[in-house]
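The structure appears below as structure tokens.
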Amino acid sequence: MTWCRPVCRYGDKREANFEHQKPMVKSHSAALTKIQATLISLTSAIKHLDHQLEKGNIPKHPKVQRNLPKLPGSLACSEELRDVWDSHRERAGKRLGQAWHQELSRQAERLKEQIQVKEEKAKSDFENTTKDMFSNREIDEETFNYLNPNNHKIRTSVMNKMTDHNYLQQQLSTQSPPKESISAENQYNDFTVHKVDPNLVAKPRKVFVNQGLMNVEDTFWPGKKKLIPDYSRIQELDKFAIEAPVNLQQNPQELVEYLIQPAKNDLERYRLIFRWQANKIIIGRRSNPEVTNAFQAIKAGESSRSIASAMVFHELCRMGDLPCELIKGYMKDPSHYPGKDGTFRWYCWNVIRIEGEEYLCDPLQACERYDQNDRGDKKLLQTPFDELSFLADPKGCRNLYLPCDGEIIGSHPGSEAVKSVDSWNNMVTRELISRTLGTKLYTTEGIISTVTNLANVKFWFSRDVILSHTLTKANDNKSYDAHVIQVVKYEHVEFFIRLPHAGKFIFSVYGQARNTQQNLSCKMSGLIAKYCIHGTGSETHRPFPFTKCPHGVRTSAVVAGFDCINYPPIIETSECKLALELSRPGGGEISFHLFHESRPELKIIDMVYIEPFPKKFALHMALSYEGTYNLIVFANHDGCDNVLTTCASFLIHNSSNQRASFFADPYSWGMHSHEHPVKCVDNCGSTIHAPCGEGSITFTSPRNRGEEIDFNLYSPGKRGTWKEVIGFREWVFAEYIDFKEELRTVKINFRIPLKGFFQFILFYSGESVGRWLISCPKGFEGTLYPEREGLWGPDCKMTEELKIKCSHPARFDALNGKAEFTVTVPQAMSKWHVFASLNDTEGPRLIMRQKDVPLSENDLSRERSKVYTFYIDLPDSVSTAILAVHIGKEKYTGQKRIHTQNHGYWMVTATNK
């Protein structure tokens, strides 16, 4: 690592902020914290620079021509001329290297002096600030002595004690700095990414939620399904009843005889009469003086307040000799809520008997035409036929109907579980659609009292339902819908309610079946439940943020295998970094929207990094601000490959004030395609973790294709861009490590001297294969790799075509600077020659030529191969060298020439020297 990198790291922003320091503001603590951070940074930079200069690690100039050009190989000249030319090249390289080394040392000393001047200014500003605070009695004498650099007790260790932020913040607790004045230690979080276990996926869950109402039979309760196994027969009967001649209406007895002609049993007779009445009888709001009984109502085609629809149905059934009973009792008005008196009225409905069982029918709810005008001309309102009112579920009617005679509760269906009118009035208000949608109430009390002004209501659904809710004040109907939040967990739905203040509030939940077939002759939406929440406490609560959509994983997404593995829908965290693991067995694309409560309409794009895995995704979030976030996840889980739909929503409350960020962009990470011939074998995700600056990643590619692997390294630029790292070849060591099973394996090692996030892009045959994010929370402090383009080790042709074998991997150690390196060449290549040379990594200057590297040849004729052994002996001044091996073939074009087109490079490191 060179001296210039850490200085640039401290000097780009923090020094600029110090040089353009604003005048002292009223809060001295904010200025003190800022100057303290600058002082610590400058002192650390000086210490780091001194350490590098003491070690003699003077950086190399990138791309400096230090040696004279080599003589062309085609030039016909004597061996003496080549030796003289090479000696001049070596001396010239040494002189240029020494001059450049001295120039860099002078630049380092000048830079060190500039940093020291800034440090002295920071010390004086820090001292003046503490004096002002002491004179204004903002800190006591002990704290002033502790912070004063001129105090002889702490003069020698003041720079170490400056890092004690906890003590400083404790002394300044009475005058806390504003939110933007964050200590340098918390200014930016370390550049880490949570490690994700790729094998941890959600277990397949059998969600038994029915995906919609695709036919009318789906709305039937079990007793009705048993009676009507085939709805097509009912549709034929309905058509016959609606098309009955109009003139028969004047003779009700003949009308009934005509209607029941096609019926085969009592069920079909009841259905024909019920369906005709729902279509032909108008429900009037005003009393008609000409209609005084049910018989006249049939002839007039109109019922009224005095003649109820249930009376008309009872009369028609009597004419058809069908058993039918008229039930009188109470029914709750739409404005009713649990505990409210006077909002239920006298009502009539019918009970019929089929095969010895009693069933409930409500012809008024099934009526298709209503007269909305109280007087004068009729104003008809057309409504669809309600299938739920015929053979209604008796359990679903308990909350809506109460059969009684005065205060005496009857014994008909719907009254078994009710003990009194008051208890029925306090029950949860529900409509018949509640049972149709498969709703089960976990919160069964209609009136909820709370002393904390907090409440929750929980449901269970057997169908995929779209829910909505309202929260209103009982006396003025003012809406407080933002004080309710909806959370979904598989088949369970829970509403969290926090009342704005004490009082009586009405909470209503409405539902509609998702994926519903069009034009079903039944009601598909309505009131599921209505509660009365009575808050008696003195606490006040502000509204929830992000209440427009339910939070949690959608049921349809769970059925497709999508699920969150490690977090619930509502997340409380005190860490600024969070990783959500989302199971995705089917793969596909994924996207997100992230919002903060301070600006709920503004999408945040630079705080989330999506890491793909074979069967899941990890959403790494950097929450840079306190408060509540809303994360909405989109995926193509509905079978549409090109359409992303909402599959989950999470509410995240962050209590940390640390600053952290990811460099995010809209393009995908990891391998571009899993069908590509290049495979990553040791990293299922897209993150290369380099905790101390070192990391690696391994790839395999076909041996017989000949395409080469290349790569590039980028660092974050301005405004969401990437820029190439200058001299990144020193940070990367790419080596061939194996050639087996028709595959060649390449391992790419990293030594990153700077902390931060970096982008690594891999190329194969000139095309991008994928990209990975390198997480480096701490820079590498050792020696970097030798700078070289291409891969280390033998090239592809040497190993794949020529079948040449080498004894050592791409980098190996030489004990005491000595090692033996062997090259095995097939016997058939008798005219091929092996050459070797050693070069210093610092120069790079030539250490040994071919004739200086001792060579012994072994003829292994039995194995049909020839072995060349090179004996390496590094000088004491060289710790790392590059071994270059060239293999060439003799050619004769007038004179003997050797072409060395096949080569390989190895890094040799001396140990125990």
Side-chain angles (χ1 to χ4, degrees), residues 202 205 207-209 428 434 437-445 448 450 452-471 480-500 505 507-514 528-531 533 541-559 562-573 578 580-583 592-597 600 619 621 623 627-635 637 645-655:
R205 180 178 176 87
V207 181
F208 50 89
V209 174
V428 180
S434 175
L437 299 178
T439 309
K440 179 180 179 181
L441 272 62
Y442 284 108
T443 307
T444 57
E445 299 83 4
I448 304 174
T450 171
T452 60
N453 294 342
L454 299 174
N456 62 318
V457 178
K458 192 173 182 180
F459 300 88
W460 178 88
F461 289 90
S462 61
R463 298 189 186 276
D464 192 4
V465 180
I466 303 174
L467 298 178
S468 60
H469 63 269
T470 60
L471 181 68
Y480 296 93
D481 294 348
H483 288 259
V484 183
I485 195 169
Q486 180 185 159
V487 178
V488 181
K489 183 67 173 179
Y490 305 125
E491 303 94 354
H492 303 275
V493 178
E494 190 168 6
F495 292 89
F496 294 90
I497 307 163
R498 54 188 186 191
L499 304 180
F505 293 82
F507 176 62
S508 305
V509 179
Y510 301 87
Q512 180 180 358
R514 199 188 304 266
I528 292 180
K530 185 183 291 187
Y531 296 86
I533 304 177
H541 302 284
R542 64 185 183 92
F544 284 105
F546 309 111
T547 59
K548 292 183 179 180
C549 65
H551 301 291
V553 182
R554 301 293 186 272
T555 307
S556 57
V558 175
V559 173
F562 187 96
D563 200 0
C564 184
I565 301 173
N566 57 343
Y567 281 105
I570 299 180
I571 304 171
E572 297 279 346
T573 179
L578 196 69
L580 261 70
E581 301 179 30
L582 303 175
S583 179
F592 70 92
H593 287 167
L594 183 65
F595 305 93
H596 188 262
E597 62 178 338
L619 269 66
M621 288 177 288
L623 309 177
T628 304
Y629 294 82
N630 181 211
L631 175 69
I632 303 176
V633 184
F634 303 90
H637 66 275
T645 57
T646 304
C647 60
S649 176
F650 298 90
L651 199 66
I652 307 169
H653 180 70
N654 176 36
S655 58

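The analysis underlying the following values was restricted to heavy atoms, covering all of them including side chains, and did not include hydrogens, waters or symmetry mates.
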Audit row: Asn453, Ile497, side chain to side chain contact (heavy atoms under 4.5 Å, CB included) steps and yes/no: CA-CA 8 Å; Asn453 294 342; Ile497 307 163; over 6 Å; no
Applying side chain to side chain contact (heavy atoms under 4.5 Å, CB included) to Ile528 and Leu467, what does each step give before you reach the verdict? CA-CA 9 Å; Ile528 292 180; Leu467 298 178; 3.6 Å; yes
Which heavy-atom pair separates Phe650 from Ile571 by the least distance, and what is that distance? CD2-CD1, 4.4 Å
Let me confirm one number: the SG-CZ distance from Cys549 to Arg554, rounded to the nearest 0.5 Å. 5.5 Å
Where is the tightest heavy-atom contact between Asn566 and Glu581, given as atom of each residue plus distance? OD1-N, 3.1 Å
I'd like to know whether Leu582 forms a side chain to side chain contact (heavy atoms under 4.5 Å, CB included) with Ile565, so could you lay out the CA-CA distance, the side-chain angles of the two residues, the decisive distance to 0.1 Å, and finally the verdict. CA-CA 6 Å; Leu582 303 175; Ile565 301 173; over 6 Å; no
At their closest point, which heavy atom of Ala455 faces which heavy atom of Ile533, and how far apart are they? CB-CG2, 4.2 Å
Using every non-hydrogen atom in the two residues, find where Thr444 and Val428 come nearest and quote the distance to one decimal. O-CG2, 3.3 Å
Within the 6.0 Å centroid threshold, strictly below: Tyr442 and His492: yes
Which heavy atom in Val488 sits nearest to a heavy atom in Pro550, and how many Å separate them? CG2-CB, 3.9 Å
About how many Å separate CG of Leu580 and CG of Leu619, when rounded to the nearest 0.5 Å? 6.5 Å
Could you grab the distance from atom CG of Leu471 to atom OH of Tyr480, nearest 0.5 Å is fine? 9.0 Å
Establish, from distance only, whether the side-chain atoms of Asp481 and Thr547 form a donor-acceptor pair under 3.5 Å. no
Verify, without hydrogens or angle tests, whether Thr443 (side chain) and Lys458 (backbone) share a donor-acceptor contact under 3.5 angstrom. yes
Find the distance between NE2 (His596) and CG (Asn630) and round it off to the nearest 0.5 Å. 11.5 Å
Could you grab the distance from atom CZ of Phe592 to atom CE of Met621, nearest 0.5 Å is fine? 9.5 Å
Please confirm whether the backbone N or O of Trp460 pairs with a side-chain atom of Thr439, one donor and one acceptor, at under 3.5 Å? no
Using only atom types and a distance under 3.5 Å, with no angle test, would you say the side chain of Glu597 pairs donor to acceptor with the backbone of Thr628? yes
Do the side chain of Thr646 and the main chain of Phe634 share a donor and acceptor less than 3.5 angstrom apart? no
With rounding to the nearest 0.5 Å, note down the distance linking NZ in Lys530 to OG1 in Thr470. 7.5 Å
In the structure I gave you, are the side-chain heavy atoms of Asp563 and Tyr490 within less than 4.5 Å of one another anywhere? yes
Heavy-atom side-chain proximity of Val465 to Gln512 below 4.5 angstrom: no
Distance-only, no hydrogens or angles: does the Arg498 side chain make a donor-acceptor pair with backbone N or O of Val484 under 3.5 Å? no
Set out, in order, the CA-CA distance, both residues' side-chain angles and the distance that settles ring pair (Phe, Tyr, Trp, His ring centres under 6.0 Å) for Phe505 and His483, then state yes or no. CA-CA 11 Å; Phe505 293 82; His483 288 259; 8.2 Å; no
Applying side chain to side chain contact (heavy atoms under 4.5 Å, CB included) to Tyr567 and Leu578, what does each step give before you reach the verdict? CA-CA 10 Å; Tyr567 281 105; Leu578 196 69; 3.0 Å; yes
Between Phe507 and Phe495, is the ring centre distance below 6.0 Å? yes
Closest non-hydrogen atom pair, Leu651 against Pro545: CD1-O, 4.0 Å
Can you confirm whether or not the ring centre of His551 sits under 6.0 Å from the ring centre of Phe546? no
